[in-house]
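Here the structure is laid out as structure tokens; the discussion comes afterwards.
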Amino acid sequence: MNYPTTRLRRLRLNPRIRDLVRETILTPNDSIFPLFVRHGQDIKKPIASMPGLFQLSLDKLVAEVDEVAALGIPGVILFGIPAHKDGAASDSYHSEGVIQQATRLIKDKHPNLIVIADTCFCEYTDHGHCGVMDNQRGILQLNNDATLELLARQALSFAEAGADIIAPSGMIDGMVAAIRAGLDQHGFENTPILSYAVKFASSFYGPFREAAEGAPQYGDRKSYQADYANGNAVMREAELDVAEGCDMLMVKPAGAYLDIIQRVKDSFPSIPLGAYHVSGEYSMIKAAAQQGWINEKAVVIESLTAIKRAGADFIIHYFAKDLARWLQA
């Protein structure tokens, strides 16, 4: 018998030894902070379902980005709330769109801060879906190939504004190939693509739809986002996006899908993997902490450590500023 010769508790009794042998360590460099930018002036609008977060106009964005940079967070991902919405999401690829303006502002003030441009249409369309909707065989549905043309146009506009990374998130078939071709044809062959290759049709997105004002006006997104019951199908999604030339992969949501994060990382170990700890995950932790039911700091650090342990190389999450402060302390 190994016991009592082998006593595994020996490496757990002392906090310094626990730190010494710890396998997974969080740092501020693991985080990307999401920002919601809207047209207008002097706007810092609280997001009711996401305590502590705001929609920001461009003039208010500066102070927020200054804080992010000062905390050592390496980058932000931008979501826009446009002045105008239509069926073709035209504000999303306008040179003076809110994300294009925000990107130029950020890169001018903090050139070393990574700017990731979420590349999708749900915030910009009047119907709230992630692409062009039309009548096909008597059924109103997303027109995949018409959407690809506009996605390539949107991605190019973001790259021209200075975005460091293009992140298509609509789960549109062929989106990586279309965006890669459009970027390369216009001299942006060095702009990487972070593909939301594995994005589930999840109920955890509820608060985000308030934050980005992009809820579908009819129907749902289950015809293009992945079924959360299926693991093998999303591995095919990842394989296709890698074949089409994506530089990084994403799994979204994160906390309820640690098995998928591990599968993707095991299958593509050399490709950087991001995971998105989404709005519903944030809001549930905040709500429970406000009730005194959990220790917010402890639960956040445990949750994010689990995501990194599962295989994520970086995490997009709304606790990024808090986490940086906690780790510095």
Value rounded to 0.5 Å, distance of [atom1] in [X] from [atom2] in [Y]:
{"X": "His127", "Y": "Leu142", "atom1": "NE2", "atom2": "CG", "result": "8.0 Å"}
{"X": "Ile114", "Y": "Ile73", "atom1": "CD1", "atom2": "CD1", "result": "12.0 Å"}
{"X": "Ser223", "Y": "Gln141", "atom1": "OG", "atom2": "CD", "result": "7.0 Å"}
{"X": "Ile43", "Y": "Leu61", "atom1": "CD1", "atom2": "CG", "result": "12.5 Å"}
{"X": "Thr24", "Y": "Leu304", "atom1": "OG1", "atom2": "CG", "result": "12.0 Å"}
{"X": "Ser31", "Y": "Tyr318", "atom1": "OG", "atom2": "OH", "result": "13.5 Å"}

Item checked: Worked check of side-chain contact (heavy atoms from CB on, under 4.5 Å) between Val278 and Phe208 -> CA-CA 8 Å; Val278 299; Phe208 177 90; over 6 Å; no

Which heavy atom in [X] sits nearest to a heavy atom in [Y], and how many Å separate them?
{"X": "Phe121", "Y": "Cys130", "answer": "CD1-O, 3.7 Å"}
{"X": "Met171", "Y": "Ala197", "answer": "SD-O, 3.3 Å"}
{"X": "Thr147", "Y": "Gly131", "answer": "OG1-CA, 3.4 Å"}
{"X": "Ile179", "Y": "Ala155", "answer": "CG2-CB, 3.6 Å"}
{"X": "Ala275", "Y": "Met250", "answer": "N-SD, 3.7 Å"}
{"X": "Ala102", "Y": "Leu78", "answer": "CB-CD1, 4.1 Å"}

With heavy-atom distances below 4.5 Å as the criterion, would you say the side chains of [X] and [Y] are in contact?
{"X": "Leu71", "Y": "Pro28", "value": "no"}
{"X": "Phe314", "Y": "Ile32", "value": "yes"}
{"X": "His317", "Y": "Glu281", "value": "no"}
{"X": "Val65", "Y": "Lys109", "value": "no"}
{"X": "Ile316", "Y": "Pro34", "value": "yes"}
{"X": "Leu150", "Y": "Gln154", "value": "no"}
{"X": "Arg104", "Y": "Val115", "value": "no"}
{"X": "Tyr228", "Y": "Ser202", "value": "no"}

Are there more than 12 heavy atoms of other residues, nucleotides or ligands under 6.0 Å from atom [atom1] of [X]?
{"X": "Arg236", "atom1": "CZ", "result": "no"}
{"X": "Arg10", "atom1": "CZ", "result": "yes"}
{"X": "Gln291", "atom1": "CD", "result": "yes"}

Next item on the list: Test Arg180 against Asp247 for salt bridge (Lys or Arg N to Asp or Glu O under 4.0 Å), laying out the working first.
Entry: CA-CA 10 Å; Arg180 184 76 273 158; Asp247 302 279; 3.6 Å; yes

Checklist line | Check against side-chain contact (heavy atoms from CB on, under 4.5 Å), Leu53 and Phe33 | finding: CA-CA 11 Å; Leu53 298 178; Phe33 187 52; 4.0 Å; yes

If you group Ile, Leu, Val, Met, Phe, Trp and Tyr by side-chain heavy-atom gaps below 4.5 Å, do [X] and [Y] land in one group?
{"X": "Leu240", "Y": "Val234", "answer": "no"}
{"X": "Ile261", "Y": "Leu194", "answer": "yes"}
{"X": "Val299", "Y": "Met50", "answer": "yes"}

Quick one: does any side-chain atom of [X] pair with a main-chain N or O of [Y] as donor and acceptor, under 3.5 Å?
{"X": "Ser49", "Y": "Ile47", "value": "no"}
{"X": "Ser57", "Y": "Asp42", "value": "yes"}
{"X": "Lys308", "Y": "Ala312", "value": "no"}
{"X": "Asn230", "Y": "Ala233", "value": "no"}
{"X": "His94", "Y": "Glu96", "value": "yes"}
{"X": "Asp30", "Y": "Thr27", "value": "yes"}
{"X": "Lys265", "Y": "Ile271", "value": "yes"}
{"X": "Thr125", "Y": "Ala89", "value": "no"}
{"X": "Lys85", "Y": "Glu123", "value": "yes"}
{"X": "Glu64", "Y": "Leu56", "value": "no"}

Checklist line | By salt bridge (charged side-chain N to carboxylate O under 4.0 Å, His left out) - contacts of Glu296 (at least two apart) | finding: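 Lys286.
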
Check: Do Tyr196 and Asp118 have a side chain donor and acceptor closer than 3.5 Å?
Finding: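 A donor-acceptor contact under 3.5 Å links the two side chains.
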
Notebook entry, point to check: Between Ser157 and Gln100, does any side-chain donor sit less than 3.5 Å from a side-chain acceptor?
Noted result: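 Looking only at side-chain atoms, Gln100 and Ser157 do form a donor-acceptor pair, the distance falling under 3.5 Å.
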
Next item on the list: Determine, stepwise, if the pair His84 / Ser90 fulfils side-chain contact (heavy atoms from CB on, under 4.5 Å).
Entry: CA-CA 8 Å; His84 167 73; Ser90 58; 4.0 Å; yes

Check: Relative to Tyr205, does Lys252 satisfy both conditions: NZ or CZ under 6.0 angstrom from the six-membered ring centre, and within 45 degrees of the ring's axis?
Finding: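 Pair Lys252/Tyr205 counts as cation-pi.
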
Note to self: Tell me whether Asp19 is salt-bridged to Arg16, with the criterion being a basic N under 4.0 Å from an acidic carboxylate O.
What the structure shows: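 Answer for the salt bridge query: yes.
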
Next item on the list: Report the C-alpha separation of Glu237 and Lys199 in whole Å, then their side-chain angles, then the decisive distance to 0.1 Å, and conclude whether the side-chain contact (heavy atoms from CB on, under 4.5 Å) test is met.
Entry: CA-CA 9 Å; Glu237 297 276 0; Lys199 182 178 180 180; over 6 Å; no

Item checked: Tyr276 and Tyr257 aromatic centres sub-6.0 Å ->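 No: the rings miss the under 6.0 Å criterion.
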
